[in-house]
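Take a look at the structure below.
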Protein chains: 2
Amino acid sequence: MSDTDELLSIRAAELYYEENQTQDEIGVILRLTRWKVGRLLASAKANGFIRIEIVHPRARRLPIERRLRESTGLTDAIVVSSAGVSSDAELQSRTAQAAADYLTSLRPIPRTLGISWGRTLHDVSLHLKQGWAPGVNVVQINGGVSLNQRTGTAASTAVTIAHKADGSATLLPSPAIFERLETKQAMEADRTVAGVLALARNAQAYVFSAGQADAHSALVDSGYLTVAQIDDLVARGAVGDVVGRYIDANGRIVDPELNERTVGIQIDQLRRAPHTIAVISGHSKHAIARAVVRNGLCTVLVTDEDTANALLQEKDTP
Amino acid sequence: MSDTDELLSIRAAELYYEENQTQDEIGVILRLTRWKVGRLLASAKANGFIRIEIVHPRARRLPIERRLRESTGLTDAIVVSSAGVSSDAELQSRTAQAAADYLTSLRPIPRTLGISWGRTLHDVSLHLKQGWAPGVNVVQINGGVSLNQRTGTAASTAVTIAHKADGSATLLPSPAIFERLETKQAMEADRTVAGVLALARNAQAYVFSAGQADAHSALVDSGYLTVAQIDDLVARGAVGDVVGRYIDANGRIVDPELNERTVGIQIDQLRRAPHTIAVISGHSKHAIARAVVRNGLCTVLVTDEDTANALLQEKDTP
DNA sequence: GGGATTGTTGCTCATCTGAGCAGGGTGCAC
DNA sequence: GTGCACCCTGCTCAGATGAGCAACAATCCC
């Protein structure tokens, strides 16, 4: 396009979008036919001079969702807009809201819903509306009775989600990670626990988040792991954890021994499940989000615009 | 509007603006009639959820221009967009470009054009295109042979503008400010200089910028004033200078004695002229811009969005 | 210079969209 | 319960707009 045409397209855009003139009127002002004006406007759009943004906490980015689906093979992707967001916390709240919306719109309603625990899932539980999915049975898929702070967070998340669904919650009364393998095996042998785990394995849908591998991990906060242990895991390639299990960029378990002592469904069970919803948001979680998506650990991803763009960029230049 | 309607309007906006669906198609997806969709989109716009921005160096902000004209009585206002601008320098370049565009579009073409000098005017001269206004006679309206650096800037600005117009330049071969009043009067008595000044007083249109009153003023750079002198002027209410003369917020000369020693047309001559174009941009110039506009020192203002908004806000809360 | 190719222009026509209006439902006062 | 005012809905209709097309101009290659 010529230089003068570019300038004209800007003038036309000003009159069209800011002054609400019709293309006809603009034609009179700029001494052009209305068809020429229409073409100038189209070219202004095509050149990216016109930026349309939807500024709202509930706004999603459908084009990015589509590209994510196409480039990753996800069955669905929910991407919230990060327009006008100042903090990571706000972004994560938006993402949790979007996850709650997605869960609410699920059809058919899953009879059994497996969930993990953590700040994100807790956030999701708060955003759900009363009666969001009548009769769902919520089952915990990984251990998580806190050792110190946050007592009961895991249980309360599950209970809240179940309660708001007018359904029931099945809790997994177990720590996330045992010190000794024998204790963990004994625990799993218990009929009650075994029953919960069996239920978890057969859930129709899973919702889980993922943690970054650093000192701020929920597993550190809860006292299951030390910062030193995390550092060691990172040194061995860990990018984060899913249902309490640390994986590397290729989706492989970083520390098989530690993994054996971790209570809950296995990564492979998640990978094989037909409907797994990952809710991952925030700049510190780009790496683990990438690992989850790349290695097919989820079929649906709920995330923010920035994380989604990070995933897409990496796809473009593999 | 109800909460669900608000959410629906966002969903509709996503489909309409990001996915280019018709209102009819959106109606099918959201299970609404197309009229409802149309109303939701209108309400999304009305609520400010839809932000349309024209991202281009030459983009202007017509609604702000209109409000400026209405609230200040300017005959015209040119406001460049500051969308996507990182530095003040870029903003000033855009403003200079817009001033050049405005000058180029002037009809009838003024026979004599009075100009001041400075970084801004120099910038304008560079943005003008060859043949922008055939036959214009450009005349300097204030003195400005630099004492040290920037030698010839003032002259070269005038010559460049005239040259690009295929016209002639009449220079004012004089310092901006004299040390002694007697010298200045003797200079003005010189027939050549007197002729130039007479020509300047009778110009059909004027283009000038304005300087802020601080250590970065062009008059300090050029060696006419010391930082201490500026500080003194500021203490006496100066907000900046126009054609080398310092004024306060009410448009009054701050230091009459200094003013007497300054060569060029008077503030009052500018105020009485029917066509005076001020080009003022940048965050440091909000105060002087306000003084110029409030006190009728220009009939046309070329500025940036931020400065224009500053002017408007002050109007709203006087 | 001639011919082919590419891009531009002004048009017709079908579709999309907003303004205005009538009917029906809802809430409120009496 | 009845009447009234208000708002919301779905409609008609006219104006606005985009797709597609034929004529024309510009450019390039021979």
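Naming: A, B, ... by sequence-line order, numbering from 1 per chain.
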For this session: Answer yes or no: is there a donor N or O on one side and an acceptor on the other, between the side chain of B/Arg60 and the main chain of B/Ile78, under 3.5 Å?
Result: no
Problem set entry | Donor-acceptor under 3.5 Å (B/Gln130 side chain, B/His163 main chain) | yes
Seminar exercise, completed: In this structure, CG of B/Asp76 is separated from CD of B/Glu65 (nearest 0.5 Å) by 7.0 Å
Problem set entry | Interatomic distance, A/Ser125 atom OG to A/Trp132 atom CH2 [nearest 0.5 angstrom] | 11.0 Å
For this session: Mind checking salt bridge (charged side-chain N to carboxylate O under 4.0 Å, His left out) for B/Glu53 and listing every partner two or more places apart, or none if nothing turns up?
Result: A/Arg51
Please report the distance, rounded to the nearest Å, between [atom1] in [X] and [atom2] in [N].
| X | N | atom1 | atom2 | value |
| --- | --- | --- | --- | --- |
| A/Leu8 | C/dT8 | CG | P | 14 Å |
| A/Lys36 | C/dT8 | NZ | P | 8 Å |
| B/Arg31 | D/dG10 | CZ | P | 15 Å |

What protein N or O atoms touch nucleotides 15-23 of chain C N or O atoms at under 3.5 angstrom, if any, and at what distances?
{"unit_1": "C/dT17", "atom_1": "OP1", "unit_2": "B/Tyr16", "atom_2": "OH", "d": "3.0"}
{"unit_1": "C/dT17", "atom_1": "OP2", "unit_2": "B/Gln23", "atom_2": "N", "d": "2.8"}
{"unit_1": "C/dG18", "atom_1": "OP2", "unit_2": "B/Gln23", "atom_2": "NE2", "d": "2.7"}
{"unit_1": "C/dG20", "atom_1": "O6", "unit_2": "B/Arg39", "atom_2": "NH2", "d": "3.4"}

For this session: Return yes if a side-chain donor-acceptor contact under 3.5 Å exists between B/Ser168 and B/Asn137, otherwise no.
Result: yes
For this session: May I ask you to check whether A/Ser281 and A/Thr95 show a side-chain donor-acceptor distance below 3.5 Å?
Result: yes
For this session: Considering only NZ, NE, NH1 and NH2 on the basic side and carboxylate oxygens on the acidic side, decide whether B/Arg67 and B/Glu70 come within less than 4.0 Å.
Result: no
For this session: To the nearest 10°, let me know how far the axis at one end of the helix from C/dG1-D/dC30 to C/dC30-D/dG1 is tilted from the axis at the other, five pairs an end.
Result: 30°
